[in-house]
Amino acid sequence: MMENFNKIVILVATHKPDKVYQDDIYTPIHVGRAVSKYKEEMAGIIGDDTGDNISEKNPFYCELTACYWAWKNLKNIEYVGLCHYRRYFEERITVKNIDHLLNSNYDIILPSAIHLPTTLFYKFKGLTDEDRVIFFKVMEEFYPEYYETAVDYIMNGNKDYAFNMFFCSWKIFSQMMEFVFGFLSCTEKYVKLQPYTNGRRIFGYFSEYLIPIFCLKHRLRIKEVPIISMLQSEKPNYLVRKKNVLKRIINSFRAFIFSPLKYKKFPIAETMLRSLICDGILDHDGRLIK
């Protein structure tokens with residue numbers, strides 16, 4: 001099955017039976033099939049549980065199990081992307097328009113940025129205090145070349161590239177996945193998973209920051225494209241639009257007023273350091289226990 005793919009593949013992640021757009025390029029993939037109750041109903045599409053895979057980690061990694069499957073199993077692919085069964089880039093990607101979409105001006109397509117009225121840190125606060133510290137500690141100690149970019153993007157910026165959606169060359173995809181899954185593998189050693197469904201999706205949430213951080217660190221030229229709920233529908237339902245220039249300026253100003261400090265490092269409270277030392281995550285010098 002894997003060798004039958006075209007040179008361009010956009011995986012459409014879906015975890016349950018539903019309406020999914022499909023053509024020669026857009027390929028539905030059943031994510032989490034290894035632990036799914038819909039195996040029989042969705043037997044007609046490919047699953048993320050073949051070859052080298054992490055399908056059983058889907059409750060924690062979300063749509064990233066499709067990315068891992070593609071990274072490890074697809075061969076001879078020139079361009080690759082990821083959409084969701086309810087989220088697609090506004091313009092349908094085809095063999096004919098790929099040179100227009102990814103031309104000499106752009107390296108990667110991401111969803112149009114959501115310009116928040118606060119810095120991105122206030123979305124990042126949706127994670128636990130411990131998880132936020134672990135994120136930045138892993139970045140600082142295992143991926144120090146990305147640390148400054150990560151701090152600036154999350155602590156000082158207000159542009160949110162959501163959903164783990166992208167489209168790019170295989171070369172960029174492979175390098176990006178090397179970083180994303182290497183980082184997440186490190187965090188797995190330290191994160192204590194929550195019993196709640198939403199909290200268990202932490203590695204998928206982490207990746208929503210990692211992909212933009214990778215792009216910014218490597219100075220990739222990002223083409224922002226609005227997100228709609230379904231391709232080729234009579235009246236597109238826009239989930240994320242491009243904000244007009246005035247709204248961008250207003251929200252950027254609000255973010256600056258809300259958090260005027262220019263962070264160079266991620267601040268960690270002394271009480272949180274002591275707590276993570278007691279939990280056996282940090283040593284007495286405040287470093288991750290290897």
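Hydrogens, waters and symmetry mates play no part in the numbers below; they use all other heavy atoms, side chains included.
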Legend entry - Salt bridge present between K123 and E208 (N-O < 4.0 angstrom): yes
Legend entry - Salt-bridge contact R241-E90 (side-chain N to carboxylate O under 4.0 Å): no
Inset, instruction - Mark yes or no for whether R132, through its side chain, and L127, through its backbone, hold a donor-acceptor pair below 3.5 Å. - result: yes
Inset, instruction - Check whether the ring centres of F183 and Y146 lie less than 6.0 Å apart, and answer yes or no. - result: no
Inset, instruction - Indicate yes or no: does R92 engage D23 in a salt bridge with an N to O separation below 4.0 Å. - result: yes
Legend entry - Modelled atom types, side-chain donor and acceptor of D131 and Y205, under 3.5 Å: no
Inset, instruction - Determine whether the side chains of E188 and Y61 contain a donor N or O and an acceptor N or O closer than 3.5 Å. - result: yes
Inset, instruction - Run through F142, F206, Y190, Y143 and flag the one making a ring-ring contact (aromatic ring centres under 6.0 Å, His included) with F135. - result: F206
Legend entry - Common cluster, I202/V35, ILVMFWY with side-chain heavy-atom separation under 4.5 Å: no
Legend entry - salt_bridge(K265, E148) N-O dist < 4.0 Å: no
Inset, instruction - State whether the number of non-hydrogen atoms from other residues, nucleotides or ligands found under 6.0 Å of E40 atom CD is greater than 12. - result: no
Inset, instruction - Would you please indicate yes or no on a ring centroid separation below 6.0 angstrom for F89 and F167? - result: no
I'd like a table of donor-acceptor pairs (distance under 3.5 Å, sequence neighbours excluded) in which one partner is a side-chain atom from residues 150-157, with atom names and distances.
| unit_1 | atom_1 | unit_2 | atom_2 | d |
| --- | --- | --- | --- | --- |
| D152 | OD1 | N156 | ND2 | 3.0 |
| D152 | OD1 | K262 | NZ | 3.3 |
| Y153 | OH | K159 | O | 3.1 |
| Y153 | OH | Y161 | N | 3.4 |
| N156 | OD1 | Y263 | N | 2.8 |
| N156 | ND2 | Y263 | O | 2.9 |

Inset, instruction - Go through the side-chain N and O atoms of T65 and D48 and say whether any donor and acceptor fall under 3.5 Å apart. - result: yes
Inset, instruction - Consider only side-chain N and O atoms of S55 and W69, and report whether a donor and an acceptor are under 3.5 Å apart. - result: no
Legend entry - Six-ring centre of F181, K72 cation under 6.0 angstrom, axis tolerance 45°: no
Legend entry - Side-chain ion pair, D18 and R86, N-O less than 4.0 Å: yes
Inset, instruction - Verify the ring-centre separation between F203 and F60: is it less than 6.0 angstrom? - result: no
Legend entry - H30 ring center near Y85 ring center (under 6.0 Å): no
Legend entry - Nearest non-hydrogen partners of G51 and N73, listed with the distance: CA-OD1, 3.5 Å
